[in-house]
Number of protein chains: 2
Amino acid sequence: MKNTETVYTSPISCRECRMNTLCIPLSLRSDELYKLDQLIHRGTPLQARQAVFYSGDKFTSIYAVRSGSIKQFCVDDDGREQVTGFYLPGELFGWDGLAENHYQNTAVALETTSVCEIPFDQLEQLGASIPSIQRHVMRLISREISSDHKLIALLAGHSAHQRLASLLLSFSDRLAQQKLSSTRFRLPMSRGEISNYLGLTVETVSRAFSHFQRMNYLIVNKKEIELVDIPGLELLISNTGDSE
Amino acid sequence: MKNTETVYTSPISCRECRMNTLCIPLSLRSDELYKLDQLIHRGTPLQARQAVFYSGDKFTSIYAVRSGSIKQFCVDDDGREQVTGFYLPGELFGWDGLAENHYQNTAVALETTSVCEIPFDQLEQLGASIPSIQRHVMRLISREISSDHKLIALLAGHSAHQRLASLLLSFSDRLAQQKLSSTRFRLPMSRGEISNYLGLTVETVSRAFSHFQRMNYLIVNKKEIELVDIPGLELLISNTGDSE
DNA sequence: AGCGGTTATTGATTGAGGTGAACCGCGCCG
DNA sequence: CGGCGCGGTTCACCTCAATCAATAACCGCT
């Protein structure tokens, strides 16, 4: 029934997964959940820097992060890498491959990470018979679009300080959704990855961190962050970074 | 069956629509195409500035541009407008409403424009019985994600000149897909809308146009554009606009 | 036609952030 | 243990695009 049940960490079913409220339809009958559960592959954990898929690979599955974190990036025509997203436990990635049947991005683990693989054609079949799954899948894709739009707005209309503040608050929120501390956390990615994502240079990101610390918005120690004035950061973001 | 069949322009069926190769599954049996055709509403043409839907409206349908053009924008927390896309004939928009069951963007006509409205729940039902439609819908959503990623890469890693050149070439390509001239065309949007989309100011966009004209990349007269050196513009874009 | 408001272009100036370089701390491995 | 490379921070400098400002062109009105 289930393949290779060798226990690496805890290849637990969706039912017991801490993240299930995030990635799975809320209202699913027990038998439906079972079917969904059946088609999910839970492989061995990935090492840091290890890829889930490469840009150009044939599209087969979408993925959910169970623990750890994922960086997704594409390489455009002139060879420049562009980070398009960071994914935390409970979040899904890999949708971009659907259009052309090949992944447009590469996804790599930022640290030791385990992911659930959901073969797309099987998910599609299941969706055809269980409408609530079908709709949920669409929702998830659409959510990706919304978050891309937020990033576009961030890049198009906000200063370096606002961009970094926004990233930190986004992490804070998403960690809170995992019932983790929203004020003390460890950023899984390097300064270079942050700066690329935010359309800045490493130096600027570094300066912004130092600035925030001087302004008592936060305490930063390498990748460890403690947010001490979240309202202050929120204010900073909303303070008219116009540009029309 | 069909409501208000009053002929304004040409509420023609998908079968005769010039755009059908762009928005509709290529391989659809005659009876399937008929069913799809049946559920599409073709309303009266929109005037310039008229909205298709507003941010916050309940999500009901997705839309295809039949003629004219559409601007989509969202308003973020601090009240700033951000243009997230321009849509030309044969292109679909409105996907972002799916996640939260409310549109996150507002869509307005940039000129006299006619759109096809496709009620989403009916499309979903049809998709459940015709797999190729289901898959095509997913593809279209995924395509939106890919194009958002391109915009993100553009905003995060490219100069003002590169951004404008990129927009112009994108228009050129998309017009070619409509079998229209890829070198002479009219931009349907204002400088302000362009600058907002590209994360620049109007002045910078205006200067970039003038610069391109001086450099003999193009001839610009208000909104009329003639591209005279497309390879030159392409080169400009790829010339290492690094920023990591 | 003539007016008033929006939209576009151009110029002069400023400033945010990029560039290049130096420096530190840390882990890696010979 | 010592040299090296890498990631991160800081500094001085400079550039590109934002800002401020003035003017011109182009609407849509009555």
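All figures in this text were calculated on a predicted structure; none of them were measured in a lab. Protein chains get the first letters and strands the later ones, always in sequence-line order, with residue 1 at the start of each.
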Please determine if a side-chain N or O atom of Thr204(B) lies less than 4.0 Å away from the OP1 or OP2 oxygen of dA18(D).
yes

Value in whole Å for how far the C1' atom of dC27(D) lies from CD of Glu111(B)
17 Å

Could you check which of dA17(D), dG17(C), dG8(D) has an atom nearest any side-chain atom of Ser159(B)?
dA17(D)

Can you tell me the distance, in whole Å, between the CD atom of Gln47(B) and the P atom of dG28(D)?
12 Å

Does a side-chain N or O from Ser206(B) land closer than 4.0 Å to OP1 or OP2 of dT9(C), or not?
yes

Please state how far atom CE in Met189(A) lies from atom P in dG8(D), giving the value in whole angstrom units.
11 Å

His161(A) NE2 - dG15(C) C1' separation (whole Å)
13 Å

Short side-chain N/O contact from Ser210(A) to OP1 or OP2 of dT10(D), under 4.0 Å:
yes

Does a distance-only test, which skips hydrogens and angles, find a donor-acceptor pair under 3.5 Å between the side chain of Arg207(A) and the base of dG18(C)?
yes

Exam field: side chain Glu224(A) to backbone Asn221(A), donor-acceptor pair closer than 3.5 Å:
no

Grab the NZ-P distance between Lys223(A) and dT9(D) for me, whole Å please.
10 Å

Applying side chain to side chain donor-acceptor pair (under 3.5 Å), run through Thr106(B) and Ser55(B) and close with a yes or a no.
CA-CA 5 Å; Thr106(B) 298; Ser55(B) 165; 4.8 Å; no

When rounded to whole Å, the NE2 to P distance for the pair His211(B) and dT10(C) reads 13 Å

Pairwise distance CD1(Ile237(B)) to CG(Leu154(B)) - rounded to 0.5 angstrom:
7.5 Å

Whole Å only: how far is the CZ atom of Arg214(B) from the C1' atom of dG11(C)?
12 Å

Interatomic distance, Leu164(A) CG vs dA16(C) C1' [rounded to whole Å]:
15 Å

OP1, OP2 of dA18(D) versus side-chain N and O of Thr201(B): anything below 4.0 Å?
yes

Base dC20(D) paired with Glu203(B) side chain (donor-acceptor, <3.5 Å)
yes

With a 4.0 Å limit, can you tell me whether Arg191(A) has a side-chain N or O closer than that to the phosphate oxygens OP1/OP2 of dT9(D)?
yes

Output field: ring centroids Tyr63(B)/Phe53(B) closer than 6.0 Å
yes

Using a 6.0 Å cut-off, check whether atom CG of Asp173(B) has over 12 heavy atoms from anything other than its own residue.
yes

